[in-house]
Amino acid sequence: MVDASYEFVVVSNRLPVDRIVDANGEVAWTQSPGGLVTALEPVMRQADGAWVGWAGAPDLELEPFEHDGIRIVPVPLSALDIERYYEGFSNDTLWPLYHDVIAQPSYHREWWERYVAVNRRFAEAAARVSGQGATVWVQDYQLQLVPRMLRELRPDLVIGFFNHIPFPNYGIYSQLPWRQQIVEGLLGADVVGFQRVADAGNFQRAVRRVLGYKTHSTSIEVPAIGEQPARHVIAKAFPISIDSASFEALAARPEVRERAAQIRHDLGDPATILLGVDRLDYTKGIRHRLKAFGELLAERRVAVEDVSLVQVASPSRERVAAYMQLRDEIELTVGRINGDYATITHPAITYLHHGYPREEMAALYLAADVMLVTALRDGMNLVAKEYVAARSDEDGVLVLSEFAGAADELKQALLVNPHDIEGLKDTVMAAIEMPRAERRRRMRALRRRVRENDVAHWSQLFLAELAGVGRS
Ligand code: G6P
């Protein structure tokens, strides 16, 4: 049993801890690498916090437990829940729809029904652990119905929601057969946060079109529904960030710097290392990046001895068909480019289908002369911010897609339209050839931005907005 006493409750699909089972069957929990935990840890400790989420494997019925001063409240998912709620509705309906239908979304009624049922399970778990008048912060597109369900169960709570991915324009959003239920679900929150101003605008328009409610600037008028009084809901942008100080400190460690030098050496000491780091996802524009690089090699604008591309593509959602197909296409392309241009001593592309610890990522960022972020659509893209945070040497060039949320802030990057392959090739060349003085000038400006708007700042802004609502 858990007592309903927590003052601050975070609800997210995944828990902030990973379950590790060793060879002897011993279970241990380690903090997952995401920035969200780091940002919320101080608030959690101060305010007697609990975190509600899924432990990442099927059919785990686990009692709540304490990890590093945070109460962890696991929500079980069966194999069928995972198939329909997580892989299905979350990642094969909402994910492609919200990323501007780069891949075709599938609409299945059984997936939707399971999404509703699982959202209810999360809402009930959050309602059970929340103390009177507690603040509950729900995270991301997997749980968009939770705010309303929670408000119905517990009208005393202050409820926030943050959408980590884009919110599409109405022309696209309106495809969703359950567009009304999702908008109503989100409006159960007091504050609905988005990555970009444009996302908040798209949501407000969806509210006007679907429900006919009035909006003024960042405020939405929700009329009285049944027992519930009329309310104002805030919908606005809070661009998320990373724990930049800790990333910078990590990248400054001597062993990380040594590892960066080793990586360059092992790649055959090329003059320029290009780097891509992504989950293997069709939103990331990995194919466009490979195409551009392949053409630069074919046209002899770069030589394999001088320029090497490292592509880290961490495995993701591997049972969803669109991801399987993407993997095949990318691996075929990498194989072709390497077959055509690599030599025994100089790979054209070093393709790594793995996830890596933070230390290795930091070393890769330090080794990379040019970081390629060519997403076709991305809520924010924290890799771009990590690269900047790692570069205390004020060197390195960030090539950044204008379709990533980060482009709203990181104006000193070389911004690109990844669909424009010629433009992308020219930008990669400009990055390779950029003089040191310009690299330093741009990187300094980028670093200032990332340092000032770190993830702690993000959560403070959001929670301050939410606290304001609670008082009024
Ligand atoms: C995106 C989403 C997160 C999600 C992550 C990894 O960043 O916004 O909510 O956790 O991808 O995806 P996964 O499906 O493995 O949780």
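Ligands are counted one by one from 1 in listed order, and the atoms in each one are counted from 1 as well.
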- Can you find a non-hydrogen atom of Q142 under 4.0 Å from ligand 1? yes
*asked:* For W29 together with F65, are the ring centres under 6.0 Å from each other?
replied: yes
Numbered in order shown, the ligand 1 atoms found under 4.0 Å of a heavy atom of I165 are 8 (O)
The closest protein heavy-atom partner of atom 8 (O) of ligand 1 is D140 OD2, 2.6 Å
Please test K411 against R449 for side chain to side chain contact (heavy atoms under 4.5 Å, CB included), starting from the C-alpha separation and ending with a verdict. CA-CA 10 Å; K411 304 270 188 219; R449 177 82 203 190; over 6 Å; no
among protein heavy atoms, the one nearest atom 5 (C) of ligand 1 is R317 NH2, 3.9 Å
Report yes if R14 has an N/O atom closer than 3.5 Å to an N/O atom of ligand 1; otherwise report no. yes
Contact region, N13 to ligand 1, non-hydrogen atoms below 4.0 Å, reads neither
task = Give me the ring orientation class for Y387 and Y365: parallel if the planes are under 30° apart, tilted from 30 to 60°, perpendicular past 60°.
result = perpendicular
Relative to each other, are the rings of F162 and H164 parallel, tilted or perpendicular (30° and 60° limits)? perpendicular
Using a 6.0 Å cut-off, check whether atom CZ of R121 has over 12 heavy atoms from anything other than its own residue. yes
In this structure, atom 13 (P) of ligand 1 is nearest to the protein heavy atom Y86 OH, 3.4 Å
In ligand 1, the atoms that come under 4.0 Å of a heavy atom of R279 are 6 (C), 11 (O)
Ligand 1 to H164, heavy atom cutoff 4.0 Å, flagged ligand atoms 8 (O)
Discussion item. Classify the ring geometry of F89 against W178: parallel below 30°, tilted from 30° to 60°, perpendicular beyond 60°.
Written reply: perpendicular
- Query: Side-chain contact, heavy-atom cut-off 4.5 Å: K236 with F194?
  - Reply: no
Protein non-hydrogen atom found under 4.0 Å from atom 11 (O) of ligand 1:
yes
